[in-house]
Amino acid sequence: MQYKGYLDDLLTDKAIELIDSSGNQPWFINLWLYSPHVPYQPTPEFRAQFPDTTNGRYLAVLKQLDHNIQRLLVALKARGLYDNTVIVFASDNGGTNQTRDNNFPLQGTKVTYMEGRVRTPLLIYC
């Protein structure tokens, strides 16, 4: 089956749909957004906000990722679930630095044991 749209938007839509259908039952959603990986392919809406360069496309997909996280948080708040939900935001590893140094100021890349691979963001809200 093929879907029209951008993967991160579709995955966020599905996560919100699952939250809506959970009723009063506890639930767990593991939502991995793919957009900050090469090739950087932001939607036209976000692409138009930055220069048409590799760096501009990277910044656009990061802004789109932030937008999708915000959509999920707004959905939790609208359903009264925000204050009763543990939210973990993490990165799986550092970047590859194929098209830009997205690990700066840390040295190293994905598949190395330097800081640029192993020091990644982690935010927990509970």
**Q.** Any Leu7 side-chain heavy atom under 4.5 Å of Ser35 side chain
**A.** no

Q) Are Gln107 and Thr112 side-chain neighbours, meaning at least one heavy-atom pair lies under 4.5 Å? A) no

Q | Gln70 atom CD: more than 12 heavy-atom contacts under 6.0 Å | A | no

Q.
If the condition is side-chain contact (heavy atoms from CB on, under 4.5 Å), which residues does Glu17 pass it with, not counting sequence neighbours?
A. Lys14

Q.
Do Phe89 and Val74 sit in one hydrophobic cluster, given that two such residues count as connected whenever their side-chain heavy atoms are within less than 4.5 Å of each other, even indirectly?
A. no

Q) If you draw a 6.0 Å radius around CG in Asn24, do more than 12 non-hydrogen atoms from other residues or ligands fall strictly inside? A) no

Q. So do the side chains of Leu122 and Val88 get within less than 4.5 Å of each other, counting heavy atoms only?
A. yes

**Q.** Beyond-backbone contact of Gln64 with Leu33, side-chain heavy atoms, under 4.5 angstrom
**A.** no

Q: Answer yes or no: is there a side-chain heavy-atom contact under 4.5 Å between Leu65 and Val61?
A: no

(Q) Starting from Leu62, can I reach Ile69 by hopping between I/L/V/M/F/W/Y residues whose side chains sit under 4.5 Å apart? (A) no

(Q) Any non-hydrogen side-chain atom of Cys126 less than 4.5 Å from a side-chain atom of Ile87? (A) no

Q: Identify the heavy atoms of Arg47 and Arg57 that sit nearest to each other, and give their distance.
A: NH1-CD, 3.4 Å

Q) In terms of side-chain geometry, is the basic nitrogen of Asp83 or Lys77 positioned less than 4.0 Å from the acidic oxygen of its partner? A) no

Q | Side-chain heavy atoms of Leu81 within contact of Trp27, under 4.5 Å | A | yes

Q) What do you reckon, are the aromatic ring centroids of Tyr82 and Tyr125 less than 6.0 Å apart? A) yes

Q) Are Phe28 and Val86 co-members of a hydrophobic cluster defined by side-chain heavy atoms under 4.5 Å apart? A) no

Q: Could you pull out all residues at least two apart from Tyr6 that satisfy ring-ring contact (aromatic ring centres under 6.0 Å, His included)?
A: none

Q) Any chance CG of Asn84 has more than 12 other-residue heavy atoms, nucleotides or ligands included, within less than 6.0 Å? A) no

**Q.** Residues forming a ring-ring contact (aromatic ring centres under 6.0 Å, His included) with Tyr58, sequence neighbours excluded
**A.** Tyr40

Q. Side chain to side chain contact (heavy atoms under 4.5 Å, CB included) with Asn68: which of Ile16, Leu11, Leu73, Thr12?
A. Thr12

